[in-house]
Amino acid sequence: MGLVVQKYGGSSVADAEGIKRVAKRIVEAKKNGHQVVVVVSAMGDTTDELIDLAGEVSPIPSGREFDMLLTAGERISMALLAMAIKNLGHEAQSFTGSQAGVITDSVHNKARIIDVTPGRIKSSVDEGNIAIVAGFQGVSHDKKDITTLGRGGSDTTAVALAAALDAEVCEIYTDVDGVFTADPRVVKKARKIDWISFEDMLELASSGSKVLLHRCVEYARRYNIPIHVRSSFSGLRGTWVSNEPQGDQTMEQALISGVAHDTSEAKVTVVGVPDKPGEAAMLFRAIADAEINIDMVVQNVSAATTGLTDISFTLPKTDGKKAIAALEKTRASVGFDSLRYDDQIAKISLVGAGMKTNPGVTATFFEALSNADVNIELISTSEIRISVVTRADDVNAAVRVVHTAFGLDSDSDEAVVYGGTGR
Ligand code: ADP
Ligand code: ASP
Ligand code: MG
């Protein structure tokens with residue numbers, strides 16, 4: 001039997017009981033004859049608590065020190081998990097991301113993995129140990145500083161290690177039974193998906209389904225690593241994410257894979273931009289130079305009398321202050337009137353490869369929203385996704401009506417959420 005990589009999220013190791021429960025599961029996999037490499041997240045909401053703490057001592061903490069602080073969370077859980085496994089009579093060794101050979105670029109707080117050299121992990125499992133690796137962190141290739149991979153980054157650590165170690169599968173253990181047609185915290189009637197393609201999962205993940213991080217899915221697709229998302233609280237089979245369904249994995253309905261929502265973004269509107277070539281370029285160059293990723297962009301038709309237009313775009317709330325500061329600096333050269341910042345928005349997305357060839361999906365989506373009296377502020381589409389921005393207050397109702405409108409509601413058991421605070 002080959003090597004498996006198992007990743008346990010924060011909700012699975014929230015307390016000592018959780019760590020002991022997970023340790024038993026890991027030992028089972030070892031007893032079944034696998035070599036086991038485990039990637040672990042910080043306990044419960046530790047990362048959020050550390051972020052809050054940093055905010056109390058400094059409004060914009062230095063990226064380097066912020067990463068140093070946050071990686072402490074995963075250090076705690078990795079050592080405790082190794083202790084719990086040893087207590088069950090099995091050998092385990094814990095490693096930081098740097099020790100595990102996770103090499104990144106030097107962009108603090110959202111570093112990208114550029115190489116994985118897992119020599120120490122390989123030797124450790126070859127000697128019969130279970131290797132425990134701290135998720136979400138690495139070391140920068142140039143300055144050798146400690147970096148973090150962005151929120152939810154342990155998923156990416158797991159897939160990157162699975163690729164580098166040529167693992168059979170990467171198992172992502174979490175607090176729900178797999179990937180559902182919508183967030184089970186919002187839609188009780190969400191259905192568990194048996195198999196989903198990398199393509200659809202990538203869209204769901206980048207549209208806010210935080211059950212898997214999009215970078216992790218990108219990585220898995222590039223190296224063709226099958227992912228099995230499942231619960232660490234139940235013995236049930238979860239969701240397989242891969243190129244094609246295998247064995248008895250049933251291929252789900254083709255039209256719509258699911259509905260995702262995201263409340264982590266904000267909307268910036270640049271009001272009164274002269275409607276001439278080069279203006280948008282200047283604005284977005286300033287945003288790019290501040291290393292901010294934007295999502296949707298909409299430009300209004302300019303008013304004939306003034307020749308001025310408004311440009312709106314969405315971005316992560318966490319980059320809001322930085323974006324406004326960067327745009328302010330371009331005010332004189334661009335000549336816009338004012339800036340508006342709105343963080344009370346939500347994005348709702350419908351994802352499914354089947355919509356490419358099915359007319360009427362957009363109409364049904366908008367009708368469902370209108371029936372629930374939800375106003376649409378921005379729209380963007382790709383071949384297999386439609387996203388809209390609405391008021392944050394409307395998000396749960398909107399997700400539910402859209403889920404029902406596309407016939408996604410399950411008629412059997414309610415989706416179970418085993419743990420976590422949903423923070
Ligand atoms: P972990 O601590 O294991 O990393 P996360 O909180 O990052 O867990 O991800 C699991 C959560 O993702 C679930 O509790 C659920 O609320 C949320 N989620 C959002 N969309 C979906 C979806 N489509 N299917 C399953 N879970 C989803
Ligand atoms: N602990 C980190 C976070 O909360 C990484 C992770 O859990 O994947 O974002
Ligand atoms: Mg996660």
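First listed ligand is number 1; within each ligand, the first listed atom is number 1.
- Checked by distance only, ligand 1 and F180 come closer than 3.5 Å through their nitrogen or oxygen atoms.
- Comment: E328 engages R331 in a salt bridge, judged by a side-chain N to carboxylate O separation of less than 4.0 angstrom.
- Classification of E377 and R391 as a salt-bridged pair holds, one side-chain N sitting under 4.0 Å from a carboxylate O.
- For the pair E265 and K317, the salt-bridge criterion is not met [side-chain N within less than 4.0 Å of a carboxylate O].
- Under a 4.0 Å criterion applied to the non-hydrogen atoms of S209, ligand 1 contributes the atoms 20 (N), 23 (N).
- At a threshold of 4.0 Å, the pair D175-R185 counts as salt-bridged, since one of the basic side-chain nitrogens sits closer than that to a carboxylate oxygen.
- No side-chain heavy atom of H34 sits less than 4.5 Å from a side-chain heavy atom of L3.
- Note on ligand 1: S11 sits in its first shell, one or more heavy atoms being nearer than 4.0 Å.
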Ligand 2 N/O to protein N/O, distances under 3.5 Å:
unit_1   : atom_1 : unit_2 : atom_2 : d
ligand 2 : 1 (N)  : T47    : OG1    : 2.8
ligand 2 : 1 (N)  : E74    : OE2    : 2.7
ligand 2 : 4 (O)  : T47    : OG1    : 3.3
ligand 2 : 4 (O)  : R151   : NH2    : 2.9
ligand 2 : 7 (O)  : S41    : OG     : 3.1
ligand 2 : 8 (O)  : G152   : O      : 3.4
ligand 2 : 8 (O)  : G153   : N      : 3.3
ligand 2 : 8 (O)  : S154   : N      : 3.0
ligand 2 : 8 (O)  : S154   : OG     : 3.0
ligand 2 : 9 (O)  : R151   : NE     : 2.7
ligand 2 : 9 (O)  : R151   : NH2    : 3.4
ligand 2 : 9 (O)  : G152   : N      : 2.8

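- At least one heavy atom of P184 sits closer than 4.0 Å to an atom of ligand 1.
- Taking a 4.0 Å cut-off on heavy atoms, A182 registers as neighbouring ligand 1.
- Those atoms of ligand 1 that come under 4.0 Å of a heavy atom in G178, given as number and element, are 24 (N), 25 (C).
- With T239, D155, D175, V179 as candidates, the residue nearest to atom 11 (C) of ligand 1 on a non-hydrogen basis is D175.
- Under 4.0 Å is where a charged nitrogen must lie from a carboxylate oxygen, and between K329 and D289 no such pair does.
- Ion pairing of D310 with R340 is absent here, as no side-chain N (NZ or NE/NH1/NH2) approaches a carboxylate O to less than 4.0 Å.
- Residue contact check for ligand 1: S154 places no non-hydrogen atom closer than 4.0 Å to it.
- T104 pairs with exactly one of D115, T148, T147 by the side-chain hydrogen bond (donor to acceptor under 3.5 Å, both in side chains) rule, that one being T147.
- Checked by atom type, the side-chain pair S234/D177 shows a donor-acceptor distance below 3.5 Å.
- R21 and S232 are linked by a side-chain donor-acceptor pair at a separation below 3.5 angstrom, with hydrogens and angles left out of the test.
- Distances shorter than 4.0 angstrom occur between a heavy atom of K7 and an atom of ligand 1.
- Close approach of ligand 1 to T174 is summarised as follows: ligand atoms under 4.0 Å from at least one heavy atom of the residue are 1 (P), 3 (O), 8 (O), 9 (O), 10 (C).
- For ligand 1, one of its N or O atoms has an N or O atom of G10 under 3.5 Å away.
- Between R64 and D145 there is a salt bridge, with a side-chain nitrogen of the basic residue lying less than 4.0 Å from a carboxylate oxygen of the acidic one.
- Inclusion of T181 in the set of residues having an N or O under 3.5 Å from an N or O of ligand 1 is not warranted.
- Between E17 and K20 there is a salt bridge, with a side-chain nitrogen of the basic residue lying less than 4.0 Å from a carboxylate oxygen of the acidic one.
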